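Structure first, commentary second.
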Amino acid sequence: MRRAELPTPCYIVDIAKLRSNLELLQQVERASGCHILLAQKAFSCFAVYPMIAEYISGTTASGLYEAKLGYEQFGKETHVFSPAYTVDEMTTLCKICDHISFNSFRQLEAHRAIWENANVSVGIRVNPECSTQGDHAIYDPCASGSRLGVPLKHFRPDLLSGVEGLHFHTLCEQNADALITTFAAFEKKFGQYLPRMKWLNLGGGHHITREDYDVDGLVQLIRRIRAQYGVAVYLEPGEAIALSAGYLDTTVMDIVENDISVLILDASAACHMPDVLEMPYRPPLQNAGKWGEKPYAYRLSSRTCLAGDVIGDYSFDHPVQIGDRLTFEDMAIYSMVKNNTFNGMPLPAIVLQHENGNCEIVKEFDYEDFKDRLS
Ligand SMILES: *Cc1c(COP(=O)(O)O)cnc(C)c1O
């Protein structure tokens, strides 16, 4: 199918761009000797898991369902971290996971009898209490009062029997300098426990596939950690796997006038790109500029009833017409994993755009999908 023939709204995964991201990540694995895992919470498009599995070591999960998906559809290594597990979840996770990370010593002990008798490597997530991100407190696990990771004052060396790994995750869309700073803070506090560990997981938030990322700085740091402490090093990026590797195509359904011209799209920020409202940010739109940059300016909005369901203000070289198709960029990550059917909005189809340009619809949704998760 050609791109212009696709039903809208639809998420389109750009296979060529995904492959170029994966080639870089594979180079990082090879040059540094680390293991890279796909953090499925950012991107769970399992239609492309076999392709991703050709390049990186496995998946990580935020709980049982993602762990199952990675185990079934990806294969290779399956890791999981969650702040809390039920007994039933732990029993299943111990059968399908290679690594399980705990968020507290209480959880570690609560499940000890299960994991000690299973073939699984367990770790504890620590909190290095080193904030390196300014603007997005909602994404800062080192903020005061955080529930994520054990801070040094609550660390229990007396309970480390059987624990083989340490985990920290503190970054979001950051470069290698932030990791180097964070590792130094971690090392000062928890470095003394590394020699008895088998592995160290550096979490996600590494924007490795962004153009200005210091790949060499990352590789040097990992090589140093491996040489000095003799541990296996894991990275679990989500964003970096599919960064800029997807689109959300939408159709203009109406144009309404108030003080400004507002486009009514068949896509919604609230339903189909919730990070636009949550983060918040203005997503890149193909062939469009900032407000005032080009002659024809519009506010892009949706057909939900939420007044604030506004995607952003943009400008164009030509007047926009009803029926025009618009393309939001960087829509592979944190989009299809977070969407919802608020207002009964239809869910976007999921499409693979192959390297020859051919588009393949891998999933379509309808009224039954809306109805099936309600009662
Ligand atoms: C969110 C998260 C990731 C992935 O983060 P990205 O910012 O998408 O790279 C990895 N590990 C943990 C524990 C996370 O919470």
Side-chain angles (χ1 to χ4, degrees), residues 18 21-22 24-25 28-29 34-45 52 56-67 69-70 74 77-85 93 97-104 107 122-128 130-133 135-143 146-150 165-176 178-179 182-183 186 199-210 213 215 218 233-246 273-275 278-279 281 330-338:
L18 180 63
N21 286 350
L22 292 168
L24 175 59
L25 295 168
V28 171
E29 277 205 351
C34 77
H35 306 266
I36 297 183
L37 311 170
L38 162 67
Q40 295 175 89
K41 78 160 193 256
F43 184 70
S44 304
C45 183
I52 301 175
I56 62 172
S57 295
T59 59
T60 191
S62 317
L64 178 61
Y65 292 175
E66 285 183 357
L69 190 69
F74 196 105
E77 288 190 54
T78 304
H79 295 219
V80 66
F81 162 80
S82 173
Y85 305 97
L93 289 169
C97 290
D98 298 280
H99 287 196
I100 298 178
S101 290
F102 290 95
N103 189 53
S104 71
Q107 275 280 304
V122 314
I124 189 105
R125 177 169 172 176
V126 298
N127 187 335
C130 172
S131 289
T132 52
Q133 33 175 322
D135 351 334
H136 299 300
I138 189 179
Y139 299 115
D140 185 4
C142 293
S146 168
R147 70 184 181 289
L148 298 166
V150 183
L166 295 178
H167 179 295
F168 69 79
H169 167 75
T170 69
L171 307 184
C172 179
E173 302 190 340
Q174 283 169 287
N175 212 316
L179 178 63
T182 303
F183 182 76
F186 162 82
W199 51 267
L200 172 66
N201 188 321
L202 304 175
H206 319 284
H207 240 189
I208 303 167
T209 48
R210 195 175 73 200
Y213 190 87
V215 173
L218 174 68
V233 174
Y234 287 85
L235 299 179
E236 43 181 38
E239 290 215 9
I241 308 283
L243 190 66
S244 302
M273 37 186 143
D275 272 0
E278 191 173 296
M279 209 163 182
Y281 79 108
D330 198 16
M331 280 294 159
I333 48 177
Y334 292 107
S335 54
M336 47 190 122
V337 291
K338 290 187 92 174

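Note that this is a predicted model, so its numbers are computed, not measured. In listed order, ligands and their atoms are each counted from 1. In what follows, every heavy atom counts, from backbone to side chain, and hydrogens, waters and symmetry copies are set aside.
- Considering backbone and side-chain atoms together, H206 places no N or O closer than 3.5 Å to any N or O of ligand 1.
- Not a single heavy atom of C172 sits closer than 4.0 Å to an atom of ligand 1.
- M279 is listed as a side-chain neighbour of E173, based on a closest heavy-atom distance under 4.5 Å.
- Between G205 and ligand 1, at least one N/O pair is under 3.5 Å apart.
- For the pair R125 and ligand 1, a heavy-atom separation below 4.0 Å is found.
- Side-chain N/O atoms of E77 and Y234 include a donor and acceptor closer than 3.5 Å.
- Every residue two or more places apart in sequence or in another chain that forms a side chain to side chain contact (heavy atoms under 4.5 Å, CB included) with S101 is listed here: F81, H167, W199.
- Taking each heavy atom of L148 and P83 in turn, the nearest pair found is CD2-CG, 4.1 Å.
- Checking each of V215, I241, L235, I52 against L25 for a side-chain contact (heavy atoms from CB on, under 4.5 Å) leaves exactly one that passes, namely I241.
- When only non-hydrogen protein atoms are considered, atom 8 (O) of ligand 1 lies nearest to Y334 OH, 2.7 Å.
- Put simply, the residue from R210, Q133, H206 that forms a side-chain contact (heavy atoms from CB on, under 4.5 Å) with Q174 is Q133.
- Near P237, meaning under 4.0 Å from one of its heavy atoms, ligand 1 places the atoms 9 (O).
- Ligand 1 has no nitrogen or oxygen under 3.5 angstrom from a nitrogen or oxygen of G203.
- For the residue pair S131 and A143, the shortest heavy atom distance occurs at OG-N, 4.1 Å.
- Residue A39 approaches ligand 1 through these ligand atoms, each under 4.0 Å from one of its heavy atoms: 3 (C), 4 (C), 10 (C).
- When only non-hydrogen protein atoms are considered, atom 15 (O) of ligand 1 lies nearest to K41 NZ, 2.7 Å.
- Of all atoms in ligand 1, listed by their number and element, those nearer than 4.0 Å to a heavy atom of G238 are 4 (C), 6 (P), 8 (O), 9 (O).
- Listed by chain and number, the residues in a salt bridge (Lys or Arg N to Asp or Glu O under 4.0 Å) with D98 amount to none (sequence neighbours excluded).
- Contact between A240 and ligand 1 is absent, with no heavy atom of the residue lying under 4.0 Å from the ligand.
- Two residues are said to be in side-chain contact when any heavy atoms from C-beta on lie closer than 4.5 Å; D140 and S146 fail this criterion.
- Looking only at heavy atoms of the protein, atom 13 (C) of ligand 1 is closest to E236 OE2, 3.4 Å.
- Considering backbone and side-chain N/O of E239, one or more are found under 3.5 Å from N/O of ligand 1.
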